[in-house]
2 protein chains.
Amino acid sequence: MMAAVSANADAPRPAAPPPKLGNAARRSASWTIAHTADDAAERPSGSQSIQRALVLLNLVGVLARDRPDGVSLAELTRVSGRPKASVRRILVALVAEGYVEQDPDTACYRLGLQAGVLGELAGNRADDLGEASTDSLIRIADASTETTFLTVRHGSYAVCTRRQEGPGPIRNYALAVGDRHPLGIGAGSLAILGALSDDDVEDVLASTATTRDHYPGFDDDTLHDLVHRSRHDGYALNDGRVIAGSWALGVAVHDAADRPVAALSVASIAERFDGARRDELAALLHAEARSIHAALTDSQKSRSARGRP
Amino acid sequence: MMAAVSANADAPRPAAPPPKLGNAARRSASWTIAHTADDAAERPSGSQSIQRALVLLNLVGVLARDRPDGVSLAELTRVSGRPKASVRRILVALVAEGYVEQDPDTACYRLGLQAGVLGELAGNRADDLGEASTDSLIRIADASTETTFLTVRHGSYAVCTRRQEGPGPIRNYALAVGDRHPLGIGAGSLAILGALSDDDVEDVLASTATTRDHYPGFDDDTLHDLVHRSRHDGYALNDGRVIAGSWALGVAVHDAADRPVAALSVASIAERFDGARRDELAALLHAEARSIHAALTDSQKSRSARGRP
DNA sequence: CGCAATGGTCCATATTGTGGACTATCGATC
DNA sequence: GATCGATAGTCCACAATATGGACCATTGCG
């Protein structure tokens, strides 16, 4: 179990940061979002304890997701790849601030009060994308009878931010809210990657190179092929490459400025992705992606109108 | 504006931590939750950068709550009371991890993608209290026509975790989700304090002494009086002591082990709290508090039953 | 009764975060 | 258009801070 949980083992710690690897990236005026976590090697920007704490916080959330009792310290140390003492020190700090709580009996950790509060506060924020996509997700799940996902781009990575079960008999647990993978790994993630410019694709691949060591079968060449195929087909297909037998199909969602910021995808078993059905699903997803794009464009307009009265 | 936003100015930075102030606290076997933030003085526990980052993260959330454009760096430095360079360094780290995002145009900060994800993940966690209280909050808001709050105890502090608008014409903005105040300040908060043992009350007061410097009119004597009165009345009344004209009435909610872990409260203007109505509201709140207590007791039972089959 | 897990603690070390001082821009106001 | 007072962002010498290996205490298993 515990399939491919966003394997956030920090960059290769022992050795030094090889100063090669052109620090391109950020060239594209895409966003102010930095390129998460594992670029750590090339970022001595003076706050690694915080960085580690935040990664660990996320880890606690993801690992404890389906475990009401929480995660053990041992497991957290194993998965995070940091020395136990460090992990514990950080956990103590997180507990002190209420972002994590520790079960007094089992000594296991899970997300705490403040995590929920933060979510409430984040919910209030004008989340156009989340807003605009809710209905689409439900419609897709109903129409396709498959589990449906919203995946959002974050730097060189993709985060699953929403998940809608379909009415069908097949449940897919390969992807859950909070999971983060390098762009290109997974259907939605690949759809986003394919929608980027060639330059951006190169930057992303360079950025995620070390992380992708944890994903066998996703070397640069393979990803180039996948991108190529996705562009040709008009949709991204994950044919069981991450988890055997778990297939998925995704298309990118573009924001008001026409940048691919997210993706819609549906997942199921291989048998449910024969040729005809693929086209059907792709059409469905494309329609909803366009609808979301339109909604984002509208809210963008009304926003700037309100901004300068 | 920006009335009493949980004034989280860190402990007195310049001078040294006066090693007096008996480090009692934690004696009561209440919870593993530490006594947040401002006890910092007496906790050199080796992770202050993380502590500061988390406090700042919360600050961003609270300050940006009603401001879609976000908070400026200047404001954050002012409110947090830390040097600008530090605040910025932390913000950069938070942005890098996606917990905060920065508007490229205005350079202002607001909660980011990961904050929402964390909320989703926290939502999945068995939040018995939140679960059990939802209906109660709605019922109270409807019946009383006032704005209704759920306040949760966290160490020596109380955090507002939920808020339900009533159908009435009066809107109360004195308290919002995410606000944190020392126990005893505010109706719900005072209700919790009053439900504690005398020993615990003393510990809490000692713990929050420095924080309460920011809350004029809440010295130890006053709080002792308020606790006394609350116990006598059977409900806690905030008669406009925090914000003039803003009154509220609260009662404590006890968990399965009969510890006061939260409070229900309703807020409005002074005129709507005459003698008769107070009793009415108190009865209403008490009924719902008992109902929540019962629900918590039940889910506790079924949990332990499931635990040992 | 070891053995191999677990959670938790200590403390010398130097890496890490710190924050005062500096610069760069922007938009009023004179 | 020069001056002032905001703002965001950058730099870097210094030491306080986080680090993590080694250690101890319990627990559960064979």
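Just so it is clear: chains get the letters A, B, ... in the order the sequence lines come, proteins before strands, and each one is counted from 1.
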* **Heavy-atom check, side chain of B:R180 versus side chain of B:V62, under 4.5 Å** => no
* Asked: Mind checking whether A:L183 and A:T208 have side chains closer than 4.5 Å, heavy atoms only?
  -> no
Does a side-chain N or O from [X] land closer than 4.0 Å to OP1 or OP2 of [N], or not?
X	N	result
A:Q51	C:dT16	no
A:R82	D:dT19	no
B:S47	D:dT17	no

* To do: With salt bridge (Lys or Arg N to Asp or Glu O under 4.0 Å) as the test, would you mind laying out the steps for A:E120 and B:R65 before giving the verdict?
  => CA-CA 10 Å; A:E120 290 269 346; B:R65 187 195 299 128; over 6 Å; no
* Nearest 0.5 Å please: distance from the CG atom of A:L56 over to the OG atom of A:S86. => 10.0 Å
* Structure fact -> Sorted by chain and residue number, the side chain to side chain donor-acceptor pair (under 3.5 Å) partners of A:Y99 (sequence neighbours excluded) come out as none
* To do: Would you please name every residue forming a side chain to side chain donor-acceptor pair (under 3.5 Å) with A:T77, sequence neighbours left out?
  => none
Please report, rounded to the nearest Å, how far the [atom2] atom of [N] is from the [atom1] atom of [X].
X	N	atom1	atom2	result
A:L91	D:dG20	CG	C1'	15 Å
A:R52	D:dT19	CZ	C1'	8 Å
B:I90	D:dA8	CD1	C1'	17 Å

Which pairs, protein N/O on one side and nucleotides 25-29 of chain D N/O on the other, fall under 3.5 Å?
none

* Let me know which of A:D69, A:V100, A:D103 forms a side-chain contact (heavy atoms from CB on, under 4.5 Å) with A:R110. => A:D103
* Is a donor on one side and an acceptor on the other found under 3.5 Å between the side chain of A:R212 and the backbone of A:L205? -> yes
* Asked: What residue pairs, at least two apart or across chains, pass salt bridge (charged side-chain N to carboxylate O under 4.0 Å, His left out) with a residue in residues 54-63 of chain B?
  -> none
* Closest to the A:R89 side chain, choosing from D:dT19, C:dG19, C:dC10 -> D:dT19
Tabulate protein N/O versus nucleotide N/O from nucleotides 4-7 of chain C, keeping only pairs under 3.5 Å, one per line.
unit_1, atom_1, unit_2, atom_2, d
C:dT6, OP1, A:R78, NH2, 2.8
C:dG7, OP1, A:L73, N, 2.8
C:dG7, OP1, A:A74, N, 3.4
C:dG7, OP2, A:A74, N, 2.8
C:dG7, N7, A:K84, NZ, 3.3
C:dG7, O6, A:K84, NZ, 3.3

* Of the non-hydrogen atoms in B:V71 and B:V60, which two are nearest, and what is the gap between them? -> CG2-O, 4.0 Å
* Asked: So what does B:S86 touch, heavy atoms closer than 4.0 Å: a base, only the sugar-phosphate, or nothing?
  -> base
* Going through the checks in order, is the salt bridge (Lys or Arg N to Asp or Glu O under 4.0 Å) test met by B:R52 and A:E97? -> CA-CA 10 Å; B:R52 287 177 178 158; A:E97 290 302 318; over 6 Å; no
* Asked: Using the C1' atoms of the five pairs at each end, what is the angle between the end axes of the helix from C:dC1-D:dG30 to C:dC30-D:dG1, to 10°?
  -> 30°
